[in-house]
Structures are given as structure tokens and as C-alpha cells.
Amino acid sequence: MAAKAQPHDDHQLHLFFFPFMLPGHLIPMTDIARIFASHGTKATIIATPQNISRFQSIIDRDDHHQSINILKIDFPFAAADLPPNCESLDNLPSRGLTYNFSKANSMLHPQADDLVSRYRPDAIVSDLNLPWTAEIAHKYGIPRFTFNGTCCFSLCLTMAASQHKPNVKVNSETEPFFVPGLPDPVYITLSQLPDRFFGKTGLDEFFEKIFEAERDTCGVVSNTFFEIEPEYVKLYEKVTGKFVYPVGPVSLFNTKTRDVAERGNKASIGEDYCVSWLDSKEPNSVLYVCFGSLCEFTESQLLEIASGLEASEVSFIWVVKDSEKFKFLTEEFEERIKERSGILIKGWAPQVLILNHPSVGGFMTHCGWNSVLESVSSGVPMITWPLFAEQFYNENLVVTRLKIGIAIGVEQGLAWGEEEKIGVLIKRDRVEEVVTRFMKGGGGQNLEVEEMRKRVSELGELARLAVNKGGSSYVNVDNLITDLSKHRRNHRVTLLE
Ligand SMILES: O=c1ccn([C@@H]2O[C@H](COP(=O)(O)OP(=O)(O)O[C@H]3O[C@H](CO)[C@@H](O)[C@H](O)[C@H]3O)[C@@H](O)[C@H]2O)c(=O)[nH]1
């Protein structure tokens, strides 16, 4: 059949965004939706009420808010035997409820199906952890793209390590082995593999569904930027046969102070107080300590951190969860550290605001990918303290490949819900020693950190160039839009034939 003339098409593309309910995924996904709206598409974010309240104010202030729509779906607490008000993985009263949370998550399918059937978007961008969106995409013939939260280095390493695992011959769980098939020589240990973390969650069937859904995905929208891991973006594309669109670091899209301060949650510290406290410090003199949104340290480990930080006499901001467990961090401790230049934030920190302040010279991080990218974007070197999931892989990238951080020396990943069994992983002396060496240096060590600072600042500059007009991430957003317009045109031509 002769090709028909291309139909005229001034249609505004409409993308549906399905975020997973966990700050480390919800925050970047809402940023991605806003970025697409700023490139001229209509963006609709589908979320549950509590999660919506975490980003509503940022959307209301967005310059393109007229192109951003939020659609509410209800979270089936009762049907999944969950107590009310735990619509996000970080709000579960106990990790034993993870299976129920996953059940509630898949029960969202019919509501989402109904919305897609009514609005018929041109594409779905779905979190990897919502595999049922693949069925909806298939049912309505809509292209589906996946957002998986982490970097291509860790995705490639995950695949290579699991393939190689049956051949590993080591004498202990903590003996490093070489992972073949990667552009760099990478060594890891059995105790750092993510499957340890997922091992007893009872979610095997769920992971199998994710794996199946990924086979049909049209491509991957990734919060990374090409220049930080070019070989791994290419390798991931080669191995999976899927296009990767690196569009990050998405945190750089937040330029308004309020947005930076309220990203993900309202901060538990006055933004003005926080900034004026930082203003009173010397450049690069403050250590920011935060372990992301899911950290469950034992009380004894927290005590070791508290004592190590205090003994280092370095100025710090330490973020801990606002829970019963932290009662032992008494007002007396808070008063004492205030005198010695420390702040304890109980609850939620304005992380990007803090990292961007010139007084912040180091970040002790669990290596969640968002935290790593936010540190890079702010030009801040890291002390790495991975906990679970792919965080040891991110540490590997930071310490070994990019050389922008030092490892505190955690040898073993935590298993989800079994954190109490582990007790103390890093003792106070080690905390004190590494923090002192990193922040105060002394002779050769100072040089080591200064070199890292130089490298991370250069990478931060590359990150900014990537998201600016004409940069690689900016162009990738346009490329995906062009690919979707072509798909829509072809689809219409097919329908006309
Ligand atoms: O007090 C806080 C704590 C966190 N954040 C923000 O919350 C996000 C946290 O994300 P991340 O650093 O990636 O940590 P997790 O919440 O632990 O992220 C999960 O999701 C990531 C992306 O897939 C994975 O890399 C991690 O292993 C996984 O635990 C970041 O944007 C932080 O800026 C704040 O703003 N204030």
C-alpha cells in the first residue's frame, strides 16, 4: 500500500506518570513530569492522597502548572489489611507489612485502568515497581516507558553479578570477587548483593511480574546524565535492547528556594534558621549526615554515630527519623552538640537546600541514587555508608570509578525487616576517624579530599550543562517527545489505512 501523506498534527502530547509510593521514587518522578510539561507536553501524575500532599505545593508553584494535572486514586488500606495513613513505604509502622503494601499497590490497577480508558494518554511513564501498568498499556495500545530510580552502572552490575553468581568461588561472604562483562574492573562481595535485602520479603512473584513487564517496555527514562556513566548507558541499552533516555539530574530542575526546601515533604527545620546557621560557618566546614527515607538503624548503631560525630568536633547536620527510637537522643545531647556546632533534624531535612550551601563540605550518605546525584550536582564529596538494595553498587561507582568519596567500610548489607539482628556495623571510633580525616584532613589526607572535591565539582558542572538548553539530558527529553510524536503519527496513519 502506498504511503499516505502525513496527517497534520498539532496535538499536544499527553503523558501519564505513575510514581511508586516511596520518596526516593516519588520525588524524581514528579520532577520528571514537570520537566516534560516544561517541554510542551501535558503531564498527568496519578497518585494517592497522602502522596499527592507531598508534591502538590510544588506543582501549584510550577511555571507550567497549567499543563500539569494530578489525578487521585484511593489507597485500599482495609482491603490489604493495612492501617490507615501508610500510603508510602517509608510510613509503614512495621516492615512485616511490606507484603500487604505490595498487595495494596497491585489493587490500584482497576482505578488506573479506568483513568487511562477515560483520558487515553499518548504514553505512560511508569515506575518499575508498578508492573500492572504494562497490562494497561498493552490493553489500550499505549507505549509504556519505565522509570527505575537508579543509575545504569548499578543496573548493569546487578545483571552481570546475578549472571556470574553461580560461578563465584570465595572463602567468605566478604571476600571480593571480580564481576566479568563490564567496561571497568569491578569487585564486589556476596554480602553486598541486593538479593540479601530482598531475600525474605515474600515478594518473589512480584519481582517476576516486574521482570515480565520490562520485556515489553518501550524504553527507560532515567534520572542520570550521560556524561557521568556513558559506557554504562550504552551497555544497558545493548544488553536490554531498550532505549535509555537520561534526563537528570532532575533535582536541578528545582530552582525556587521554596521548592528546594520542600522537596518530598515539608522540612522539620525552619528553612531560614537552617540557612542562617549554615551562613555562620566556614566554607566546606559542615558535614551533612542523612541516610535517606528508609533507614532503620538499631539504637546501638545510632549511639555509635552520635558519639563518633560528637568526638570528631566537626560541625554537622544529622537527620534522624522522627520516631520513638530516637528518644534516647535527648535534649541534653541536642543542647550539647548545639554548643559544639551540630544540628539534629528529627524528621525531614531540606536536603537539596543544605547540600547547595557553600558551608557544606561533605555528605555522609547511604548512597541512595538520588542522594548521590544531588551531592554530585552540588559539588560535595561523600563518605559512603550503604545499607541495602543497590546502594553498595552506587558506592562502588562513587568510590572506585568516579573517585569522589571514601567508604566508611560497611561490609554487609541489611536484610529488609531484620535490621535489629545486625546491631552495630560501624563503631564510634571509626566514625570519628573517618569524619575527622575527611573534614579536617591533615597532610596528605587533605589533598586526597581536595582532589575529590575538584572532581565532584567538575562533574557537577557537567550535570548543569546536561540539563541546560541544548545539553544531553535536555535533548533527551526532546528526543523522547519526538519519538512519541512519530509513534502517534504512524499509529494514526495505520488507523487511516
Ligand atoms: O530528610 C530527608 C531525606 C530524604 N530527602 C530526599 O529524599 C530522596 C531520597 O532518595 P534516595 O537518596 O535515593 O534514598 P532512598 O529514599 O533510600 O531511595 C530508594 O530509592 C532509590 C532510587 O531507586 C535507591 O537508590 C535506594 O537504594 C532506595 O532505598 C532524595 O531526593 C533526598 O533529597 C530529603 O529531602 N530529606
Side-chain angles (χ1 to χ4, degrees), residues 19-32 51 54-55 58 88-92 95 98 127-129 146-155 157-158 192 194 197-198 210 220-224 248-254 259-269 271 274 288-297 317-323 326 343-356 360 363-378 380 382 384-398 413-414 416 419:
F20 185 59
M21 310 78 148
L22 158 68
H25 285 230
L26 178 75
I27 297 172
M29 185 68 124
T30 46
D31 281 343
I32 291 173
N51 285 295
R54 286 179 142 169
F55 61 78
I58 290 191
S88 182
L89 208 47
D90 60 318
N91 284 341
L92 287 190
R95 297 214 156 154
T98 306
D127 196 287
L128 177 88
N129 294 303
T146 315
F147 168 71
N148 52 33
T150 195
C151 56
C152 291
F153 174 88
S154 293
L155 292 171
L157 181 47
T158 303
Q192 297 176 335
F197 165 62
F198 299 117
I210 291 182
V220 177
V221 179
S222 188
N223 181 19
T224 185
V250 298
S251 62
L252 286 173
F253 189 69
N254 295 276
D259 293 353
V260 173
E262 288 180 8
R263 217 164 151 256
N265 261 327
K266 193 150 177 43
S268 317
I269 183 172
E271 163 203 325
C274 188
Y288 172 60
V289 183
C290 180
F291 299 93
S293 61
L294 289 176
C295 173
E296 285 284 348
F297 276 136
I317 296 181
W318 179 21
V319 192
V320 295
K321 277 192 170 176
D322 188 16
S323 78
F326 298 100
I343 291 187
L344 190 68
I345 300 182
K346 288 182 175 172
W348 194 257
Q351 177 158 308
V352 174
L353 180 86
I354 292 172
L355 283 173
N356 274 333
V360 175
F363 181 11
M364 184 185 282
T365 171
H366 71 309
C367 298
W369 180 240
N370 297 287
S371 292
V372 169
L373 263 190
E374 289 159 11
S375 205
V376 166
S377 303
S378 312
V380 175
M382 288 158 262
T384 59
W385 183 321
L387 304 170
F388 48 67
E390 87 312 0
Q391 293 157 15
F392 284 91
Y393 296 176
N394 298 340
E395 172 185 63
N396 205 302
L397 177 70
V398 167
L414 301 177
W416 186 255
E419 291 82 356

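Basis for what follows: all heavy atoms, side chains included, without hydrogens, waters or symmetry-related copies. Counting convention: from 1, in listed order, for ligands and their atoms alike.
Residue Arg263 has at least one heavy-atom neighbour below 4.0 Å for each of these atoms of ligand 1: 31 (O), 35 (O). For ligand 1 and Glu390, the ligand atoms under 4.0 Å from any heavy atom of the residue are 24 (C), 25 (O), 26 (C), 27 (O). Of all atoms in ligand 1, listed by their number and element, those nearer than 4.0 Å to a heavy atom of His25 are 20 (O), 22 (C), 23 (O). Every atom of ligand 1 with a heavy atom of Ala349 under 4.0 Å away is listed here by number and element: 1 (O), 2 (C), 34 (C), 35 (O), 36 (N). Of all the atoms in ligand 1, the ones that sit under 4.0 Å from a non-hydrogen atom of Phe388 are 29 (O). Close approach of ligand 1 to Val319 is summarised as follows: ligand atoms under 4.0 Å from at least one heavy atom of the residue are 1 (O).
Looking from atom 28 (C) of ligand 1 to the surrounding protein, the closest heavy atom is Gln391 NE2, 4.0 Å. Nearest to atom 12 (O) of ligand 1 among the protein's heavy atoms is Ser371 OG, 2.5 Å. Nearest non-hydrogen protein atom to atom 33 (O) of ligand 1 is Glu374 OE1, 2.6 Å. The protein non-hydrogen atom at the shortest distance from atom 17 (O) of ligand 1 is His366 NE2, 2.9 Å. What sits closest to atom 34 (C) of ligand 1 on the protein, heavy atoms only, is Trp348 CZ2, 3.1 Å. Protein heavy atom nearest atom 8 (C) of ligand 1, with residue, atom name and distance: Ile27 CD1, 3.9 Å. At the shortest separation from atom 16 (O) of ligand 1 among protein heavy atoms lies Ser293 OG, 2.5 Å. Of the protein's non-hydrogen atoms, Gly24 CA, 4.1 Å is the one closest to atom 9 (C) of ligand 1.
Residue contacts with ligand 1 for Asn370 involve both N, CA, C or O and side-chain atoms from C-beta outward (heavy atoms, distance under 4.0 Å). The parts of Gln351 lying near ligand 1 are both backbone and side chain, judged by heavy-atom distances below 4.0 Å.
Using a 4.5 Å cut-off on side-chain heavy atoms (C-beta onward), Ile345 and Ile354 make contact. For the pair Trp385 and Val289, the minimum side-chain heavy-atom distance is 4.5 Å or more. With contacts defined as side-chain heavy-atom distances shorter than 4.5 Å, the pair Asn396/Phe153 qualifies.
The side chain to side chain contact (heavy atoms under 4.5 Å, CB included) test applied to Asn148 returns Leu128, Leu155, Val220, Tyr236, not counting sequence neighbours. Remark: Asp31 engages Arg34, Arg263 in a salt bridge (Lys or Arg N to Asp or Glu O under 4.0 Å) (not counting sequence neighbours).
Under the 4.0 angstrom criterion for non-hydrogen atoms, Phe291 is not in contact with ligand 1.
In the model, Asn370 has no side-chain atom that pairs as donor or acceptor with a side-chain atom of Glu374 under 3.5 Å. With no hydrogens or angles considered, a side-chain donor-acceptor pair links Tyr288 and Gln351 at under 3.5 Å. Under 3.5 Å, the side chains of Arg54 and Ser88 contain a donor-acceptor pair of N or O atoms.
Atom CE of Met382 and atom OG of Ser375 lie 4.0 Å apart (nearest 0.5 Å).
Considering Phe291, Trp318, Phe388 in turn, Phe291 is the only one that fulfils the ring pair (Phe, Tyr, Trp, His ring centres under 6.0 Å) rule with Phe297.
For Met29 against Pro19, the heavy-atom pair with the smallest separation is CG-CB, 3.6 Å.
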